[in-house]
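The next block holds one structure in the form of structure tokens; read it before the comments.
Chain letters run A, B, ... following the sequence lines, proteins first, then strands; residues in each count from 1. Everything quoted here is computed from the prediction, not taken from an experiment.
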Amino acid sequence: MTTKPNPATERAPEAIAGALLTWFDAHGRHDLPWQHPRTAYRVWVAEVMLQQTQVATVIGYFNAFMAHFPDVHTLAAASNDDVMAHWAGLGYYARARNLHAAAKAIVAEYAGEFPRTVDELMALPGIGRSTAGAIAAQAFGVWAPILDGNAKRVIARLAALEAKPGTSAYEKPLWQLAERYTPRVRVIDYTQAIMDLGATLCTRSRPDCERCPLADRCHAYANGSQTRIPAPRKRAKRPQHETRVLVVMDEANRVLLEKRPPAGIWGGLWSLPEVAVDADISVLCERRLGLSVENVRELQPIHHGFTHFELRIHATRVQAGDRARIMDASLQWFAATARPGVPAPIAKLLDSPQQTLAL
DNA sequence: AAGCCGGGGTG
DNA sequence: CACCCAGGCTT
């Protein structure tokens with residue numbers, strides 16, 4: 001059968017890249033922290049932090065991370081707790097776990113020198129096709145397509161691709177076009193340029209097509225479909241969950257924290273011990289923590305919204321009796337001033353003046 | 001193909 | 001409040 005040719009695929013790809021690069025020289029972002037200096041290690045850490053996380057949010061974390069883990073050897077040799085603490089608040093904590101594992105692999109298998117091919121990069125934990133392409137292109141100038149959220153939006157509009165995001169009918173042609181448009185020269189700048197265009201002009205809502213260097217080649221702009229491409233993803237209503245955490249204080253005003261299992265919500269982070277909502281606190285503390293408690297007091301519940309569910313967190317504060325001995329390695333006392341990174345809502349609770357952790 | 005994984009920005 | 005963000009991994 002005959003299919004209508006897609007205008008975006010017919011055009012000379014060099015013209016797209018050329019127009020984009022000319023625009024980039026004048027209007028692109030040239031002062032992002034990971035661009036100066038642009039080492040493979042810094043590009044890699046930045047790319048992982050930037051997965052599903054906005055640039056403005058990442059910058060502060062990136063600078064702090066680099067100050068503490070200046071190179072891949074330092075990162076590989078660090079403790080998991082130290083790495084997780086520097087990720088606390090960023091979310092998607094599997095990224096930090098994978099980052100640490102990948103650092104160890106790069107030291108062990110590559111003597112600390114990053115591999116330069118997409119396939120080798122993709123074999124490292126936490127690096128998928130798009131991130132591998134970004135590292136290869138930006139760190140080494142190796143030709144490789146990227147397809148992050150920005151590039152997807154730009155290319156989908158160029159091609160007026162109406163397929164539903166998340167389906168292969170959407171992803172496959174996008175990768176094909178991403179390869180076609182990626183030039184053999186100036187791959188570092190091109191990779192940055194298409195992301196910058198998506199971040200500054202070809203935005204999800206209210207794209208500024210009047211200033212777009214690709215407007216005269218954009219099929220969506222030509223037929224006025226740019227505001228409904230890509231189609232929004234309908235999300236199921238978020239279920240409501242409840243849980244309870246314990247704020248256990250000892251005589252020295254230290255608080256008891258629990259290292260969470262690697263998988264699941266807040267995986268690998270230290271948090272307040274989580275118990276059943278209707279738990280008998282005294283009995284539970286005696287049996288699970290091996291300590292007697294006094295001054296059991298209910299605190300103000302806090303509410304936290306996740307992407308896929310909402311959580312109402314009840315909090316019970318108790319004072320640990322004498323001779324409190326915590327045997328479990330996943331439970332540890334921490335001073336308020338020297339505690340590890342904890343999830344954002346827990347940090348908020350612990351830092352809240354009204355909670356007044358002191359008894 | 002669909003679900004899981006966070007916290008913050010934006011309209 | 002809805003939707004998204006320099007996605008990847010698991011099932």
Whole-Å distance separating the [atom1] atom of [X] from the [atom2] atom of [N]:
X	N	atom1	atom2	answer
Phe306(A)	dC4(B)	CZ	P	14 Å
Ile59(A)	dG8(B)	CD1	P	16 Å
Arg97(A)	dG6(B)	CZ	P	9 Å
His303(A)	dC1(C)	NE2	C1'	12 Å
Met49(A)	dG6(B)	CE	C1'	14 Å
Leu311(A)	dC5(B)	CG	C1'	14 Å
Lys237(A)	dA2(C)	NZ	P	8 Å

Name the atoms and distances for all side-chain donor-acceptor pairs under 3.5 Å in residues 15-31 of chain A, with sequence neighbours left out.
unit_1: Thr22(A); atom_1: OG1; unit_2: Gly18(A); atom_2: O; d: 3.0
unit_1: Asp25(A); atom_1: OD1; unit_2: Arg186(A); atom_2: NH2; d: 2.7
unit_1: Asp25(A); atom_1: OD2; unit_2: Arg186(A); atom_2: NH1; d: 3.3
unit_1: Arg29(A); atom_1: NE; unit_2: Asp196(A); atom_2: OD1; d: 2.7
unit_1: Arg29(A); atom_1: NH2; unit_2: Asp196(A); atom_2: OD1; d: 2.9
unit_1: His30(A); atom_1: NE2; unit_2: Phe24(A); atom_2: O; d: 2.9

Any base atoms under 4.0 Å from [X], or only sugar-phosphate, or nothing? Heavy atoms, all strands.
X	answer
Gly166(A)	nothing
Ile146(A)	nothing
Ala94(A)	nothing

How far, in whole Å, is [M] from [N] if one measures between their [atom1] atoms?
N	M	atom1	answer
dG6(B)	dC3(C)	C1'	15 Å
dA6(C)	dG11(B)	P	14 Å
dC4(C)	dG3(B)	P	16 Å
dG8(C)	dG9(B)	C1'	22 Å

Would one find a side-chain N or O of [X] under 4.0 angstrom from OP1 or OP2 of [N]?
X	N	answer
Tyr93(A)	dG7(B)	yes
His308(A)	dG6(B)	no
His304(A)	dG7(B)	yes

Test item: side-chain donor near acceptor, Asn223(A) and Ser225(A), under 3.5 Å: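 Looking only at side-chain atoms, Ser225(A) and Asn223(A) do form a donor-acceptor pair, the distance falling under 3.5 Å.
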
Thr117(A) versus Asp119(A), side-chain donor and acceptor atoms under 3.5 Å: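 Thr117(A) and Asp119(A) do not have a side-chain donor-acceptor pair below 3.5 Å.
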
Locate the shortest heavy-atom distance separating [X] from [Y]; write the atom from each residue and the value.
X	Y	value
Pro115(A)	Leu121(A)	O-CD2, 3.5 Å
Leu257(A)	Pro340(A)	CD1-CD, 3.8 Å
Arg211(A)	Leu201(A)	O-CD1, 3.4 Å
Met249(A)	Trp333(A)	C-CZ3, 4.0 Å

Under 4.0 Å protein heavy-atom contact, by nucleotide of nucleotides 3-11 of chain C - B base, S sugar-phosphate only: SBBBBSS--

First encountered from the 5' end of DNA chain B, between Lys164(A) and Ala263(A):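 Closest to the 5' end, via its nearest nucleotide, is Lys164(A).
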
Within residues 93-114 of chain A or reaching into it, pairs that qualify as side chain to side chain donor-acceptor pair (under 3.5 Å) - sequence neighbours excluded: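 Those involving residues 93-114 of chain A are Thr53(A)-Arg95(A).
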
